[in-house]
Amino acid sequence: MVCGRCGREFDSKAQDYCGFCKTVHTAEGEPIRDIVGIVGYIAQRFGKETLLDRRKTDALIADIFPKENAVRRLVYVALYDGCAKKLAGVCGKPFEVRCAAAARCVKSLRDEIGLKGKSAADAVEAIGQALGCEIAFRRPAETPVSVTESKKNITDAAEQYSLGRHFDRIKDYSKAMYWFEQSALQDCGEAQYYVGFYRLEGRGCQQDVEQAWEWFLRGAENNIPAAQYMTAQFLAEGLFCERNEQAAFNWFMEAARAGYDDAVNVIALCYENGVYVAKNPEIAAKWRGGFAEQEQYTEELPEQPQPLSDDGEELYQSARRCLAEQDYEGAAMFYKRAAEMGHARAQCSYGKCLYIGSGIAKNPAGAFAWFAKAAEQNLDIAQYNLGIMYLKGVYVEKNIDEAKRFFTLAMENGHPEAGKILAKLK
């Protein structure tokens, strides 16, 4: 059987746990790491009555699942409050009675012990399932992603636009449209162009050419060349607006002078064929050669907004803001997106999230992989973390030589603690 936690093979006939990382598995080969699986395993292997003895249950979890401390504490608190005894007493009772008893257990854990509602419900549900006492809680309907993500305090138009670009690149168009609209409503010109483009094609939303025209015009007024070009196209053809050839030519010119290739080609064609303006082959030739006719258009255009950098820094800073507000799930989300863009510190921070289970499920294998990516970019803290993993044998086998190598690299790159550990290892 292949371990679902560390990826190593072990003989499932001889033992039900991985000999390397000590992770217990079900008969189907799934690693047991959540509270339902752990409590169910204890009850199945040692008997349901074991759960009535909180000290014995705690000792078994500590022995069999030594790395799942959070689950162990939650189970101990629930058993300490008498949840198992209360649920065992109503096992043969009607369903409504069992659910009422479970609700009282949750209320007691929340009010007397101070557990959060979801944690208390998870613990009571796990114990009830292990005892064979079927219960159910009313759970709120799943909130749409667009709503949950909007609660991460992402109010900056540039960050919203950056998220839209991210989802556009991975072709998740409905999410991209959501974030482009949020940014466009704050008058971000680039986002206004994308909203117009999405509306025009019906990408990630219902097609609406009239709205597309309105958004292209707003983007054009914010000096976005692509939006200026599309605005000119609408005016030239009279789509959802009054046809105006002079205005169309002016918008084509604005886009062309900003270097928009399609607009440059249109301006050259206009002068070559005498469309919108008097025929002038010399000016057309200059446009074909990449030179605008400055004598005819001397007004200065405002500086064009620069597109956001895709180096992940904006997303990394968003993660740090989420972390400051104790929004650990939001922080992990932004760290991951910045890490995927190659941001070294984000790679290391996301690795830490996976290592300790902050805002995301623990995954030492994933943590090691992200630390390694950041270490390749000579980030001292990532090299230090790899040294720790080799030193302690977390996910990888203990290897003092590899640990020393990474500690040496970290020390050379300025990590203050690496040198102290190296001195102890010599």
Side-chain angles (χ1 to χ4, degrees), residues 157-158 161 164-165 168-169 171 173 176-177 180-181 183-308 310:
Y161 171 68
R165 287 290 305 276
D168 180 69
R169 280 192 292 271
K171 295 181 171 47
Y173 297 126
M177 181 61 176
F180 283 142
E181 279 192 321
S183 180
L185 290 170
Q186 297 194 61
D187 209 33
C188 174
E190 294 96 333
Q192 289 165 345
Y193 165 73
Y194 272 97
V195 173
F197 180 70
Y198 271 44
R199 285 293 181 193
L200 182 64
E201 291 200 341
R203 182 177 292 187
C205 60
Q206 185 176 358
Q207 187 178 33
D208 191 325
V209 181
E210 185 175 4
Q211 282 195 21
W213 149 251
E214 293 173 357
W215 282 112
F216 283 140
L217 180 58
R218 291 175 67 173
E221 291 170 346
N222 278 316
N223 303 313
I224 305 303
Q228 292 168 340
Y229 176 79
M230 291 305 301
T231 299
Q233 292 277 24
F234 273 71
L235 286 167
E237 298 178 21
L239 290 175
F240 291 96
C241 60
E242 184 178 349
R243 186 175 181 182
N244 189 328
E245 294 183 349
Q246 185 58 50
F249 178 79
N250 292 341
W251 281 120
F252 279 133
M253 180 62 74
E254 294 284 337
R257 299 182 76 185
Y260 195 73
D261 290 341
D262 289 341
V264 170
N265 186 52
V266 168
I267 294 297
L269 286 171
C270 287
Y271 279 110
E272 284 174 353
N273 301 305
V275 179
Y276 306 144
V277 292
K279 190 173 182 179
N280 192 326
E282 291 183 2
I283 295 178
K286 288 185 177 181
W287 278 105
R288 290 290 185 198
F291 299 99
E293 178 55 56
Q294 297 296 331
E295 294 180 3
Q296 199 166 356
Y297 298 93
T298 56
E299 70 276 15
E300 291 186 5
L301 292 176
E303 184 179 351
Q304 297 297 317
Q306 296 298 314
L308 291 174
D310 282 342

To check you understand the geometry: which heavy-atom pair defines the closest contact between [X] and [Y], and what is its length?
X      : Y      : value
Ala176 : Tyr198 : CB-OH, 3.5 Å
Ala256 : Ala263 : N-CB, 3.5 Å
Glu210 : Phe240 : CB-CD2, 3.6 Å
Cys188 : Ser183 : CB-OG, 3.1 Å
Cys270 : Val277 : O-CG2, 4.0 Å
Ala284 : Ala268 : CB-O, 3.5 Å

Please name all residues satisfying side chain to side chain donor-acceptor pair (under 3.5 Å) with [X], sequence neighbours left out, ordered by chain then number.
X      : result
Gln207 : none
Asp262 : none
Tyr229 : Gln233
Glu221 : none

_Is there a side chain to side chain contact (heavy atoms under 4.5 Å, CB included) between Phe249 and Val266? Walk through the geometry before answering._
CA-CA 9 Å; Phe249 178 79; Val266 168; over 6 Å; no

*Does a side chain donor of either Asn250 or Glu254 reach within less than 3.5 Å of an acceptor in the other side chain?*
no

_If I take atom CG from residue Asn223 and atom CD from residue Gln228, how far apart are they, to the nearest 0.5 angstrom?_
6.0 Å

*If you round to the nearest 0.5 Å, how far is CD1 of Ile267 from CD of Glu272?*
11.5 Å

What donor-acceptor contacts under 3.5 angstrom involve side-chain atoms of residues 211-219, with partners at least two apart or in another chain?
unit_1, atom_1, unit_2, atom_2, d
Gln211, OE1, Arg199, NE, 3.3

Can you confirm whether [X] sits close enough to [Y] that some side-chain heavy atom of one is under 4.5 Å from a side-chain heavy atom of the other?
X      : Y      : value
Tyr193 : Asn222 : no
Val195 : Met177 : yes
Phe252 : Leu269 : no
Arg288 : Asn265 : yes

*Under the side chain to side chain contact (heavy atoms under 4.5 Å, CB included) rule, what do Tyr194 and Arg165 come out as? Steps first, then yes or no, please.*
CA-CA 9 Å; Tyr194 272 97; Arg165 287 290 305 276; 3.6 Å; yes

*Qualifying salt bridge (charged side-chain N to carboxylate O under 4.0 Å, His left out) pairs with a residue from residues 226-248, counting only residues at least two apart or across chains*: Arg243-Glu245

*If only atom types and distance count, is the side chain of Asp168 paired as donor or acceptor with the main-chain N or O of Gly164 below 3.5 Å?*
no

